[in-house]
There are 2 protein chains.
Amino acid sequence: MPKKRILPYIILGILDQNPGSTGKFITNQFKNEIGEFWKASHSQIYPELKKMVEDDWIKQTSDSNNEKEKYYHLTNLGKEKLNSWIDIPINALPVVEDLFSLKLFFIQDPNDPRISTLVNKQLNLLEKQLDHLNDREKILFDTQEKRNKNYGYYLILERAISRLDNQIKWLKTIKQR
Amino acid sequence: MPKKRILPYIILGILDQNPGSTGKFITNQFKNEIGEFWKASHSQIYPELKKMVEDDWIKQTSDSNNEKEKYYHLTNLGKEKLNSWIDIPINALPVVEDLFSLKLFFIQDPNDPRISTLVNKQLNLLEKQLDHLNDREKILFDTQEKRNKNYGYYLILERAISRLDNQIKWLKTIKQR
DNA sequence: ATCTGCATGTAATGGGTTACATGATTTC
DNA sequence: GAAATCATGTAACCCATTACATGCAGAT
């Protein structure tokens, strides 16, 4: 018995916000919007879409002008599934896989030179990502109106930024001990 | 080609810090110490230990007093593997799976009552965990000497606490918007 | 008309979770 | 010495990643 399936619910959520999305669009949502909180690649998404059509969670249409693209929409069943999923209480903490912290964990000596190598490299990585997210926020949510229109997205983008910021600040404190 | 194997390296790191550990002990390390940054269950760990013995990364001994327990130690090859792994630069950001943020993402209306339900529940969850980690820190690292002896562990425990703290503070700001 | 790229799809391989199973050791 | 617990081990099942594959669309 494998771990609980989350992917179809995320796809439902994306389709709820963007009716008529293509598989490609959904894939991109994972890269850009959701990537901070969940990962999925196109080779997971396409088969999942197929299965969701079979289960009548979504329906597929196509456009006579563009044969290769397929468009997906929620069914009523899909809407129900999405809403009841959102209402299921969350009992588990977020799961983090953080190689950096692991490696740090294995270095016991405070004077080990590998610490500062690791830290500097990680700082670099995180600062780039922070810049990227700050840019996105400026573009997407420069007005209150935009924020209110996609409130959930606004919130988690803020969350991602705050998280990165905290991480960077913490890393900088290590360097000064 | 599947995703990159991390587990054996983590086990190497645990055995480096705790020579002669049992599989059970390693399992508990994942629950207590490492759980904030990586997950693994005993049903992964035992087969992995077997494989690592076959590959001569670790060796296994036993105790005539207790037939059921097996004790593991690094080999020289294992030490090399561990050290070269630590030196591999990290190019990927930490991976987070956060159901809470996902669900939030799908709620677009700032006045949707489900937001505060979600937030309150999550706050509760995180605060419990923060208390738990704060307790651990007090017990394990109340003196500078203890900190210096297991510096890496001290750092990531601090990291975990800081992260939780940031998350909680951020959640509280949502409630006031 | 060919080339390039894009959207979709599939396969191979190994990872990971949950549940079940076994034998030793402690407990009462 | 029976019962409960503990440490270890195994199996079924699905998940996820990477690489490969196909066919249409647009560009030149």
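Values reported hereafter were calculated over all heavy atoms of this structure, with side chains retained and with hydrogens, waters and symmetry mates removed. Just so it is clear, the structure is predicted and the values come from calculations on it, not from any experiment. Order of the sequence lines fixes the chain letters, A, B, ..., with proteins taken first and strands second; residue numbering starts at 1 for each chain.
Considering every non-hydrogen atom in both B/P94 and A/L126, the closest pair reads CD-CD2, 4.4 Å. Nearest heavy-atom pair, B/L133 versus B/A160, reported as atom, atom and distance to 0.1 Å: CD1-CB, 3.8 Å.
In terms of polar N and O atoms assigned as donor or acceptor, the side chain of B/T22 never comes within less than 3.5 Å of the base of D/dT8 in a complementary pairing.
Within the nucleic acid shown, B/T27 has no heavy atom closer than 4.0 Å to any nucleic acid atom. A/E69 comes within contact range of the sugar-phosphate backbone alone, with a heavy-atom separation under 4.0 Å but no base atom that close.
In this entry the distance linking CD1 of B/I11 with P of C/dG15 reads 12 Å, nearest Å. Atom NZ of A/K24 and atom P of C/dA7 are 5 Å apart (whole Å). Rounding to whole angstrom units, CG of residue A/L49 and P of C/dG9 are separated by 8 Å. Atom NE2 in B/H42 sits about 9 Å away from atom C1' in D/dA7, given to the nearest Å. Atom NZ in A/K39 sits about 17 Å away from atom C1' in D/dC15, given to the nearest Å. At whole-Å resolution of the value, CE in B/M52 and C1' in D/dG9 are 17 Å apart. Atom-to-atom, CD of A/E48 to C1' of C/dT8 comes out at 16 Å; the value is rounded to the nearest Å. One atom, CD of A/E97, and another, C1' of D/dA16, lie 11 Å apart when rounded to the nearest Å.
Residue-to-nucleotide proximity on DNA chain D shows that, of A/S41 and B/Y72, the 5′-proximal contact is made by B/Y72. If you find the closest nucleotide of DNA chain D to A/Q44 and to B/S43, the one lying nearer the 5' end belongs to B/S43.
Salt bridge annotation for A/R136-A/E33: present, with a cationic side-chain nitrogen under 4.0 angstrom from a carboxylate oxygen.
A heavy atom closer than 4.0 Å to some atom of DNA chain D occurs in no member of residues 28-36 of chain A.
At the phosphate of D/dG9, OP1 or OP2 sits under 4.0 Å from a side-chain N or O atom of B/K70. At the phosphate of C/dT8, neither OP1 nor OP2 sits under 4.0 Å from any side-chain N or O atom of A/K50. In this structure, B/K4 does not reach the C/dG14 phosphate: none of its side-chain N or O atoms is under 4.0 Å from OP1 or OP2.
A/Y72 has its ring centre no less than 6.0 Å from the ring centre of A/W57.
Within the 3.5 Å criterion, the main-chain N or O of B/E80 finds a donor-acceptor partner in the side chain of B/S84. Panel note: side chain A/K175, backbone A/V119; no donor-acceptor pair is recorded below 3.5 Å.
With respect to B/F105, the ring pair (Phe, Tyr, Trp, His ring centres under 6.0 Å) criterion is satisfied by exactly one of A/F37, A/F30, A/Y154, A/Y153: A/Y153.
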